[in-house]
Every structure is written in C-alpha cells, then in structure tokens.
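Take a look at the following structure, please.
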Amino acid sequence: MKLSSKYTPQEYEKDIYALWEASGAFSPKGKGDPFTVVMPPPNANAGLHIGHVLFVGIEDTVVRYERMQGKRVQWIPGADHAGFETQVVYEKQLAKEGKSRFDFTREELYDQVFDFVAGNRERFNDIFRQLGASCDWENFHFTLDQNTIDVAYSTFEKLWKDGLIYRGERLVNYCTEHRTGFADIEVEYQEQNSPLYYMQYGPFELATTRPETKFGDTAVAVHPDDERYKKYIGQTIEVEGINGPFEIVVVGDEMVDREFGTGVVKITPAHDFNDWEVAQRHNLQAKRVINHDGTMNHEAGQFEGMTIADARKAVVKALKEKGLLLRIDEKYKNRVGKCYKCGTQIEPMLLDQWFIDMKKLAKPAIKALKDKKIEFYPEAKRAQTIEYLQNVKDWNISRQIAWGIPIPAFQNVDDPDEWIFDTQVEQHTIEKDGKTYRRDPDVFDTWFSSGQWPFITTGYPNNKDTYPTQLMETGVDILYQWVARMICLGLYVTGKIPFEQVYLHGMMRATDGTKMSKSKGNVVDPMPIIDEYGTDALRLGVLAGRSAGESAAYDPSKVVAGRNFCNKLWNVARYIESVIGDSKVKPEAKPKSVADYWVLHELQQASELMQKSMADYRFSEAYETVYHVIWDSVADWYIEASKQSKNEAMMAYVLDTILRLAHPFAPFVTETIWQTLRWTGDSLLISQKWPKVGKSKKSEAAVFTDIQAIVAEIRLIKGELKLKKTSLYYADSKTLDEYGELVKGLAGLDGVSKVEDGNGLHLTQTDHKAWLDIDRETREHYASQLKTQREELEKRLEGLQKRLDNESYVKNAPKELVKETRDELKETKSSIERVEAEIKRYA
RNA sequence: GGGUGAUUAGCUCAGUUGGCUAGAGCAUCUCGUUUACACCGAGAGGGUCGGGGGUUCAAGUCCCUCAUCACCCACCA
C-alpha cells in the first residue's frame with residue numbers, strides 16, 4: 001500500500017474505530033488480572049468540551065496500555081441523567097417557547113426530558129467514538145436504567161432499615177427560581193455588597209443585612225458574657241415594630257460575636273442557618289415568612305406577595321418612617337450563597353427532606369483512607385478527602401424536580417409522621433393495611449445514584465471479578481461530590497472499597513491560563529481542532545506536560561507537536577515499508593550492525609522506562625519517552641544509519657515495536673500504519689502485547705555511541721565554521737576503519753580517509769586521532785572557540801576535583817556515584833589535554 | 001479565619017524515593033533540497049528553579065519563613 005507523504009487523520013480515523021468496534025476489541029478478554037475502570041458518566045445532555053478530551057485521553061491511554069500488558073480490561077461507559085443540570089437546560093428550551101416547567105405535571109415533564117435526552121445521548125456516544133474511547137459499549141449504563149433504579153432503591157431501603165436515613169424539617173439551601181433544595185456542597189458563594197441596617201429593637205440597637213425577615217424573628221440573642229446586655233438574658237422584652245409593639249425573648253448564645261455590629265442579633269430560625277442552630281439550642285419556634293417562589297407570605301403583613309428584594313426596600317422605608325432605622329452601613333460586604341446555575345441568591349428554607357446520616361457512613365471511609373486502602377494521585381488529595389469527611393454534614397438527597405429517580409417513600413395521609421418504604425413509585429397513592437399513603441413527589445439527588453456507580457455498573461455482587469474496580473479517574477472538582485461519596489456508599493453497601501486507585505486530573509484552563517467559562521467566551525471547542533489536526537494530535541496535546549491534580553492551560557502549540565509526532569511516525573513507517581518493499585520480511589530482533597545493537601538498547605530502555613512511568617500514572621513522562629525514542633533514536637539516528645547498511649528484519653522489528661509503544665498515546669495513527677504492514681495480517685494493534693525488548697550487547701551499542709560522538713563534533717564544527725565541504729582524515733582508528741562510510745553519511749562529509757599523518761583541525765571530544773581538512777585561516781578562527789571550550793572544561797574539572805577533595809563526599813555518597821565522578825574527572829582531564837594541544841598548534 | 005496547591009527558559013509546562021552539566025514542546029537565530037518527513041534535517045542562544053534562612057558530602061526536590069497567584073473549606077448577623 002502506498003502512503004501519502006503526510007498523515008491525514010480525517011481519512012482514516014472513522015474506519016479505524018469501526019474496525020476496532022466490529023472486532024470486539026473493546027470487551028474484556030483473556031485470563032489476565034482484571035483491570036476495570038468505570039467511566040465518569042458524562043452528562044447525557046451536555047455538549048462536548050475539551051475537558052472530555054482530557055479525561056477520555058487519560059483513561060483511554062491507561063486502558064489501552066493495560067490491555068497490552070495482558071490485563072483483562074473493561075472500561076465501562078455510561079451517561080448521567082444529571083437530574084437538575086439537565087432539567088435546567090430543558091427549562092431554557094421551554095422558556096424559548098414561552099412555557100415553564102410549572103405548566104406541566106412532574107410526570108409530563110419527566111417524559112419530555114426523557115425524549116429530549118435520548119437523542120443527545122446517541123450523539124454524545126458518537127463523539128466519544130471519535131475521541132477513540134476504547135470502552136466496552138456493550139456494557140453501557142445510564143443512570144436511569146432500571147438496574148440503576150433498583151440498586152438505588154435497595155440502598156435507600158438498607159439505609160432506612162439501618163436508621164441511617166431520616167426525614168425531617170430542616171433548613172435547606174433552596175433556589176427560589178428553580179424551586180428545589182440543594183446539598184450544602186452544591187452552593188457557590190460569592191462576596192457581595194450587602195448593606196448592613198442598624199435598627200432600634202426594643203432596648204437594643206442591632207444590625208442586620210436582612211430586615212425583611214424580621215417578621216420571622218422569634219428571639220434576640222446576645223453573648224452570655226456581654227456585660228452590656230447580660231441583664232436581659234431570659235427576659236421577654238417589648239419591641240416597637242412596623243405594625244405596632246410585640247414581645248420577644250432574649251437568649252444568651254456564644255454564637256454572637258460581641259465585636260460585630262452592636263453585639264445583638266435578631267434570631268430568624270426559618271431563614272438563617274446560624275439562627276436555626278441557636279433555635280435548636282434554646283427551643284425556639286421557627287416562623288416562615290418566605291414562600292417557595294421567593295415571595296413574602298402572610299406573616300409579613302402588608303408586605304405579603306412582594307419579592308424578597310422588594311420587601312427589603314419596603315421594610316427599610318417603613319422602618320425609616322417609624323424612626324426605627326438608625327443608620328445604614330452601605331459598604332458592608334459578606335459572602336452570599338448563589339444557585340450555581342442561575343445565580344439566584346440561595347434562601348435557607350425550611351423543608352421536609354430526606355437526609356443521610358453521613359457521620360456514620362464516613363467513619364469506615366475515613367479509616368480506609370487513613371489505612372491507605374486506596375491510592376491517590378496526587379497523594380495530597382487523600383488528606384483533603386479525610387478532612388472533608390471528618391466535617392461532613394448530613395446529606396440532603398431530596399430534590400423538588402421531575403427529572404430523576406422518584407423517591408420510594410410514601411406518607412400516611414392521616415398521619416404525616418408515618419412514612420413507609422415502597423417501590424411502587426408509578427402510583428400516586430397506595431393502600432396498605434387499610435391505610436392510604438401518598439408518594440413523596442421528590443426525586444433523588446443525582447449524586448445519590450451516581451455515588452453507587454462502581455457497584456451498579458460492575459454488577460456486584462453477581463459479578464465479583466470486576467469489583468472493586470482498579471482505577472477511578474475523574475476531575476478534582478468533584479472530589480467531594482462524587483469520589484468521597486462513592487467511597488462511603490461503596491463501603492456501606494458492599495463492605496469493600498469501590499476502587500483501588502483514584503487519579504484526579506486538574507481542570508483544563510483557557511489558553512490565557514484563566515478559568516474557562518461561557519460568559520467569558522474563552523471556552524475551547526475541540527471539534528475544529530480535531531478536524532484540523534486529528535484526534536491523536538489533540539489527545540497528545542492535551543496530555544503533554546500534564547500532571548495529576550494540576551490545572552493547566554490549553555496550549556495549541558502542544559497539539560501542533562502532537563500532529564508533528566504523528567506525521568513523523570507516519571514517515572518512519574513509510575520509509576521502512578519502502579525499504580522492505582514486497583519482500584516477505586518478518587520482524588526479527590536480530591542485530592547485525594552496531595546501529596542495530598544500539599537501537600535495540602534504546603528501545604529496551606524506552607519500553608522499561610515507559611512501564612515505570614505508566615505504573616505511577618506519569619503520562620507526561622511516558623509520552624516524552626516514546627516521543628524521543630521514535631523521533632531522536634529511531635528517525636534521526638537509526639534510520640539515517642540504516643541508509644548505509646540495511647537490516648530489513650531489524651527495521652521491521654523496530655517499526656513493529658515503536659507502533660506498540662506509541663499505541664496507547666496515538667491509537668489512530670499507529671493502528672492505521674499497522675493495518676498497512678505486510679506481516680501483521682488481519683491482526684489489530686489494539687490487541688497486541690506490549691513489546692518485551694531483550695537486552696542488547698553493550699559493547700556493540702557502545703561503538704555506535706562513540707560514532708555518534710564523532711559525528712556530533714563534526715556537525716558542531718561544520719556549523720560553527722559554516723563549512724560546506726570537508727573531509728575527515730584519521731590515523732589509527734579501528735572504529736573509523738570499519739565505520740568510515742557510516743560517519744561520512746551521518747556527518748555529511750565528502751570523504752573519510754586513513755593517512756599516516758597530517759594537518760588539520762583535530763577532534764577533541766573523542767579518543768580517535770582524527771582531523772578535518774581545513775585551511776589554516778579557518779582553523780585559526782576556530783582556535784578562539786577552543787579557548788572558551790577549554791575554560792568551560794576547566795570549570796568543570798574544578799567542580800569535580802572539589803567534590804572529590806571533600807572527604808565527607810567520598811565517605812558518604814554511594815560508591816557508584818563516587819566512581820562516576822572519578823571517571824568523569826579523568827575524561828575531562830584528557831579532553832582538556834586534547835583541546836590544549838590544539839590550541840598550542842595554532843599558537 | 002483555616003487548608004491545599006502553584007511560583008522552573010519568551011510562552012505553556014515536565015522533573016519518581018535529595019545525586020552532580022535542570023528538561024520538553026512551541027517560539028527565536030544560523031545553516032541546509034544528501035532516495036521518509038519543510039508537519040523536515042544539522043546546529044545555536046535562552047534559566048542565580050519567587051525572596052530569605054536552615055538541614056545535608058549534596059537541595060528545583062526536605063524543613064522554616066516571607067511574598068504573589070489559584071482553588072477548596074468555614075456560622076460573622
């Protein structure tokens with residue numbers, strides 16, 4: 001097959017992927033140890049972004065590498081219904097049609113979103129194919145599959161029976177725009193200007209940022225040791241309000257900061273987390289004044305029906321008129337919770353919700369983490385996870401949305417305190433023992449089901465081979481939301497850790513190093529890049545120079561490097577194939593020339609080094625190794641040397657080997673080449689084994705290294721002196737006797753000849769008596785350069801000598817190191833002598 | 001207010017348990033059409049590894065401290 005001089009990924013990628021998929025290469029095979037990776041299920045509705053390329057790139061590289069190591073690999077793909085996220089997207093679409101989710105029942109909405117998502121999901125899977133993901137499509141899982149729901153229900157039931165789940169009225173983070181509660185870690189905080197209003201409150205002056213909630217006040221709090229107010233504690237005071245006087249109790253609580261404001265706080269338990277806790281401690285009543293839609297309720301009197309913002313203005317105005325407003329600190333700033341989707345201020349809202357008692361679930365997880373049952377990449381994230389779990393709060397898993405798994409709980413219509421577990425969620429009401437129960441209309445937080453993803457997707461306990469999984473690869477941004485919860489739930493349900501290793505990748509930042517965001521318009525779209533450079537190039541570009549847990553900018557120049565690398569590989573293949581031609585050569589590691597021995601050694605080293613790097617998930621280093629062994633060792637030296645004497649079987653072996661080494665990183669181009677090779681038959685590279693390159697003969701390889709040194713020096717001199725034509729002469733050199741032609745070719749000389757003696761520019765970097773035939777004038781010009789060379793060498797010598805003069809060094813440093821230093825000293829000395837001799841000749 | 005991470009060449013970043021001349025890609029400069037590749041070849045320049053201190057025979061790497069940036073966590077009304 002004739003290959004064009006440039007690799008054009010667009011022509012091959014699609015077919016190559018289809019070839020893999022049709023051959024069943026993605027499903028687990030063989031009797032090796034299992035290596036199971038569960039893909040973090042992408043949002044079934046999301047568009048492709050460069051973060052997907054990063055995670056697919058990492059996971060696919062690992063998975064392909066492990067497959068080549070002979071492991072029984074399964075990479076389980078999936079899609080996340082992403083409850084709230086997806087519903088928000090759908091709501092936007094509804095809004096365009098002038099509709100709202102509140103125009104439909106939850107059932108209607110669920111069906112609509114389901115159809116909406118179904119189409120997107122297929123499209124998304126195709127994109128993952130385009131990215132080269134070698135995942136087991138036959139084991140695709142969706143977070144709304146019946147199986148997922150079944151497992152989620154049985155976990156819920158187990159939690160219920162074990163008393164680890166409870167329903168209660170609690171203050172919950174609530175978005176009045178989306179009308180649903182959130183878990184504490186889903187809230188984003190922003191610093192903002194919040195005017196601080198000082199008002200007269202009975203005998204007190206107090207400061208508040210939320211005057212509109214005063215109708216919900218059920219106490220006033222001061223610090224128990226505050227001399228100014230101590231006497232009021234426990235008393236009921238009379239307060240003049242907007243609508244006349246009312247009575248309120250004064251409590252003493254350490255939560256109050258005496259330094260802040262006036263040291264007096266009004267307590268509004270239904271609308272503030274701190275106040276709620278104070279209320280618990282002092283048995284105070286909670287009085288709601290805000291409705292779920294963000295308007296004031298009847299408790300607010302004449303302000304009923306107003307939005308929170310309007311009510312605040314109106315209340316301030318009314319206070320002013322009554323003379324109750326003392327002053328306003330306009331400059332005050334505080335941190336305010338925001339809905340991470342719409343930016344609406346989060347309201348602490350009193351809601352009946354299901355909570356998981358996380359303290360109990362966290363305990364074994366913390367132990368497993370401390371005992372290092374799970375390896376972390378980067379390791380520092382372990383401590384962070386432990387820290388989080390030690391302070392974890394109970395997890396609110398109720399969501400007031402349609403798109404999700406219905407909560408399998410029913411409430412007795414006659415006794416609101418009686419709840420029963422039942423999975424007949426398609427029913428609104430059920431009858432049991434003569435009593436009528438009504439279904440909880442809420443759905444689970446998406447993370448409740450995805451937190452069980454490892455044992456759901458692997459089919460545990462029916463399939464014990466693939467659980468615990470080996471690796472969980474995901475973004476650092478969801479360490480708490482996902483990774484921590486998977487560990488807790490995994491241990492709770494299965495008694496086992498869900499994965500042995502966690503690799504957390506950092507975030508892809510924009511080209512300018514800032515965070516990518518739609519509003520900033522700096523989001524990088526991978527599609528045009530793939531169209532231009534190919535998938536391999538983008539994957540390489542995104543993987544290059546990246547380390548675990550670190551966010552780094554998207555750098556287009558690295559994609560260019562990736563593209564160039566693919567092209568280099570392509571041309572290496574083209575050349576070797578052209579040499580082999582139609583002959584029936586098979587790859588054989590049978591070295592003949594010193595170059596053969598040398599390249600074998602290089603390949604052996606690279607293969608080993610890559611295995612070391614990959615074992616620690618140091619992708620950047622593994623990629624660099626394969627990049628340089630192919631580009632520098634094979635293309636620049638071996639192929640050039642092979643132009644002097646060709647060993648076809650060996651060349652085939654080299655090509656065969658580098659394709660294997662590069663395959664996990666550049667799957668498409670390597671497989672494309674593999675398919676053009678004569679000796680590979682119908683086989684697929686994806687299913688080949690990692691190359692085991694045997695040790696090479698050191699002495700033979702060393703001859704080539706020596707030749708490289710000669711060539712390098714000649715090239716340097718030629719470059720410095722801008723010599724176009726020159727020949728090499730030598731006396732007494734076995735190496736040059738034998739490899740003169742090779743040196744001539746590699747160094748671009750006109751000739752290499754043996755003579756008795758002669759004049760010219762002597763090489764100083766090798767032991768060989770060799771010189772370039774250069775006229776006197778040019779030689780003298782070079783003399784000055786020799787002087788700087790001598791200076792450098794002398795500096796070097798000084799350093800080495802100093803080190804060896806240091807007794808502690810000789811005593812304490814490893815013997816090998818000291819020996820190396822001695823050898824180096826010797827070499828440096830003889831180098832100096834040679835340079836010195838040259839300088840003298842011109843003096 | 002706590003915590004974590006970062007600070008290495010012009011830019012984007014690597015650098016495993018401390019080991020000697022600190023690397024890569026891209027960019028820059030010089031030269032080059034020798035039977036793969038200009039998405040190329042041969043060479044060059046460019047870094048007191050954020051500042052200061054310490055431990056050690058030896059520090060980009062370990063410890064302390066300061067500075068700047070980023071992220072996470074926390075109940076300041």
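Chain naming here is simple, since letters A, B, ... match the order of the sequence lines and numbering starts at 1 in each.
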RNA chain B contacts made by residues 204-217 of chain A, counting heavy atoms under 4.0 Å | A/Ala207, A/Thr208, A/Thr209
If only side-chain N and O atoms of A/Ser5 are considered, is one of them under 4.0 Å from the OP1 or OP2 phosphate oxygen of B/A36?
-> no
Nearest of B/U30, B/C13, B/U4 to any side-chain atom of A/Ala380?
-> B/U4
Show me the donor-acceptor pairs, under 3.5 Å and distance only, between side chains in residues 550-557 of chain A and residues at least two apart or in other chains.
unit_1	atom_1	unit_2	atom_2	d
A/Ser551	OG	A/Met507	N	2.9
A/Asp555	OD1	A/Ser557	N	3.0
A/Asp555	OD1	A/Ser557	OG	2.9
A/Asp555	OD2	A/Ser557	OG	3.3

Would you indicate, yes or no, if B/C75 has its OP1 or OP2 atom less than 4.0 angstrom from a side-chain nitrogen or oxygen of A/Lys393?
-> yes
Taking only residues two or more places apart in sequence, or in another chain, which ones meet A/Asp750 in a side chain to side chain donor-acceptor pair (under 3.5 Å)?
-> none
The nucleotide from B/C75, B/A36, B/U12 with an atom nearest the side chain of A/Ala553 is B/U12
Between the base of B/C37 and the side chain of A/Lys568, is there any donor-acceptor pair under 3.5 Å?
-> yes
Winner on side-chain proximity to A/Arg509, out of B/C13, B/A38, B/C26, is B/C13
Which of B/C37, B/C13, B/A74 is nearest the side chain of A/Lys558? It is B/C13
What is the distance, rounded to the nearest whole Å, between atom CH2 of A/Trp570 and atom P of B/C40?
-> 16 Å
Taking the side chain of A/Glu624 as its heavy atoms from C-beta onward, which of B/G23, B/C39, B/A36 lies nearest to it?
-> B/G23
Candidates B/C37, B/G19, B/U16 - which lies nearest the side chain of A/Arg574 = B/C37
Check the distance between B/G5's P and A/Leu479's CG and give it to me in whole angstrom.
-> 13 Å
When you compare B/A9 with B/G15, how far apart are their P atoms, in angstrom units rounded to a whole number?
-> 15 Å
Could you pull out every donor-acceptor pair under 3.5 Å between side chains of residues 214-223 of chain A and any protein atom, sequence neighbours left out?
unit_1	atom_1	unit_2	atom_2	d
A/Asp217	OD1	A/Lys266	NZ	3.0
A/Asp217	OD1	A/Thr268	OG1	2.8
A/Asp217	OD2	A/Tyr201	OH	2.5
A/Thr218	OG1	A/Gln285	O	2.8
A/His223	ND1	A/Asp225	N	3.1

Sort out for me which residue in A/Phe665, A/Tyr503, A/Tyr627 forms a ring-ring contact (aromatic ring centres under 6.0 Å, His included) with A/Phe619.
-> A/Tyr503
Would you list the pairs meeting salt bridge (Lys or Arg N to Asp or Glu O under 4.0 Å) in which at least one residue belongs to residues 187-199 of chain A, sequence neighbours left out?
-> none
Picking from B/C40, B/G41, B/A36, the nucleotide nearest the side-chain atoms of A/Val572 would be B/A36
Atom-to-atom span, NZ of A/Lys725 to P of B/G32 - whole angstrom = 14 Å
Of all the choices, B/A36, B/G25, B/U30, which nucleotide is nearest to the side chain of A/Lys643 once you look at every atom?
-> B/A36
Listed range with range, the stems formed with RNA chain B by at least 3 consecutive Watson-Crick or G-U pairs (under 3.5 Å) are B:1-7 with B:67-73, B:10-13 with B:23-26, B:28-32 with B:40-44, B:50-54 with B:62-66
